[in-house]
Novice: 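Attaching a single structure in structure tokens format; questions to follow.
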Amino acid sequence: MNAQVAVDLDRTLIFSEGALEVPLDENFECVEVYEGKPLSYMSTRSVSLLRELNEIAVVVPTTTRTIEQFRRITLPGAPWRYAITSNGGNILVDGIADPQWRTEFDVDLAGIGAELRSRISREWVLKYREADGLFCYLVVNTATLPTDFVEEWSQWCATRGWNVSQQGRKIYTMPNAVCKSSAVAEVRSRLIQDGTLNADARVFAAGDGALDAEMLIAADAAIRPRHGELELIGFARPGLTVTDSSGVRASEEILDWLRNRTAVRRV
């Protein structure tokens with residue numbers, strides 16, 4: 001095959017009801033249920049487009065979600081031979097985490113987590129979570145979040161090889177070594193080695209958040225929606241397309257764009 005597609009999930013392909021930007025109706029499918037309640041949706045058109053794309057390219061779901069959180073999603077096109085979770089910290093092969101890839105990362109999560117917890121307050125932090133032993137994140141009340149917290153915490157982390165990213169109510173603290181682009185490159189290498197991809201196969205990528213930026217830069221061509229963290233900072237580069245629409249309509253544009261750039265149908 002001539003194309004590998006690495007695509008982010010939340011707010012790129014799947015959306016909470018509040019992030020759809022259009023009314024929820026019969027033209028949507030629920031793709032995630034959590035604690036007995038529907039949580040994430042795709043439009044029926046996006047579902048159809050993703051299935052088509054999966055027939056003409058190697059699609060690799062690529063998410064910051066933990067393994068457990070990823071497994072909650074019923075993503076059209078499954079089962080996936082490869083999926084990337086934990087912001088690149090885990091590669092799933094036929095749904096199972098590859099232990100060899102996981103050993104690539106030796107991070108001091110305990111030390112970083114202890115420092116972070118010493119800086120936060122229940123007045124504005126709703127949850128503190130550690131993800132797959134690789135990174136941590138906060139769920140915050142944005143109305144009471146101190147205006148200087150993210151900047152000051154980012155500065156402290158930067159000198160220690162970590163980075164900080166705020167995506168809506170979540171503030172991620174991530175080791176620099178854990179990134180989606182490295183995992184995408186590893187999957188590409190494996191697919192070429194086993195003959196699934198041609199040696200000159202192109203890599204396409206899509207994502208909306210700052211944690212997707214490296215992946216978009218590393219791809220041969222990429223697309224992002226007109227919403228999300230990258231839209232807020234005006235992220236642009238040669239070879240990057242920005243959708244005309246935002247919300248769930250952007251996901252349809254993204255999948256159309258990706259489909260139109262794949263070349264050889266799977267035999």
Novice: Within the distance-only criterion (no hydrogens, no angle test), does the side chain of D132 pair as donor or acceptor with the backbone N or O of L134 below 3.5 angstrom?
Specialist: no
Novice: Donor-acceptor pair, E253 side chain versus D244 backbone, under 3.5 Å?
Specialist: yes
Novice: How close do L75 and W80 get, heavy atom to heavy atom, and via which atoms?
Specialist: CD2-CZ2, 3.7 Å
Novice: Who else is in I96's hydrophobic cluster (ILVMFWY, side-chain heavy atoms under 4.5 Å, direct or via others)?
Specialist: none
Novice: Might you point out which heavy atoms bring C30 and P38 nearest each other, and give the distance in Å?
Specialist: SG-CB, 3.6 Å
Novice: Between R11 and S251, is any side-chain donor less than 3.5 angstrom from a side-chain acceptor?
Specialist: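 S251 and R11 do not have a side-chain donor-acceptor pair below 3.5 Å.
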Novice: Please determine, by modelled atom types, if E214 and S181 share a side-chain donor-acceptor pair under 3.5 angstrom.
Specialist: yes
Novice: Closest heavy-atom contact between N90 and A97?
Specialist: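 Of all heavy-atom pairs spanning N90 and A97, the closest is OD1-CB, 4.2 Å.
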Novice: Can you name the nearest heavy-atom pair linking K180 to T63, along with the distance?
Specialist: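 Where K180 meets T63 most closely, the heavy atoms are CE-C, 3.8 Å.
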Novice: Do D212 side-chain atoms and G209 backbone N/O form a donor-acceptor pair below 3.5 Å?
Specialist: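 Checked: pair present.
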Novice: Does the distance from a Lys or Arg side-chain N to an Asp or Glu carboxylate O, for R226 and D208, drop under 4.0 Å?
Specialist: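 So R226 does not pair with D208 through a salt bridge.
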Novice: Indicate whether the side chain of T74 and that of E32 have a donor and an acceptor atom separated by less than 3.5 Å.
Specialist: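 No, no side-chain donor-acceptor pair sits under 3.5 Å.
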Novice: Could you give the distance from CH2 (W101) to CG (L92), rounded to the nearest 0.5 Å?
Specialist: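 Here the rounded value is 13.0 Å.
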Novice: Anything under 30° is parallel, anything over 60° is perpendicular, the rest tilted; go ahead and classify Y137 against Y172.
Specialist: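 Rings of Y137 and Y172: tilted, 30 to 60°.
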Novice: Regarding E29 and T44, is there a side-chain donor-to-acceptor distance under 3.5 Å anywhere?
Specialist: no
Novice: A quick test of your reading: do over 12 heavy atoms of other residues, nucleotides or ligands sit less than 6.0 Å from OH of Y34?
Specialist: no
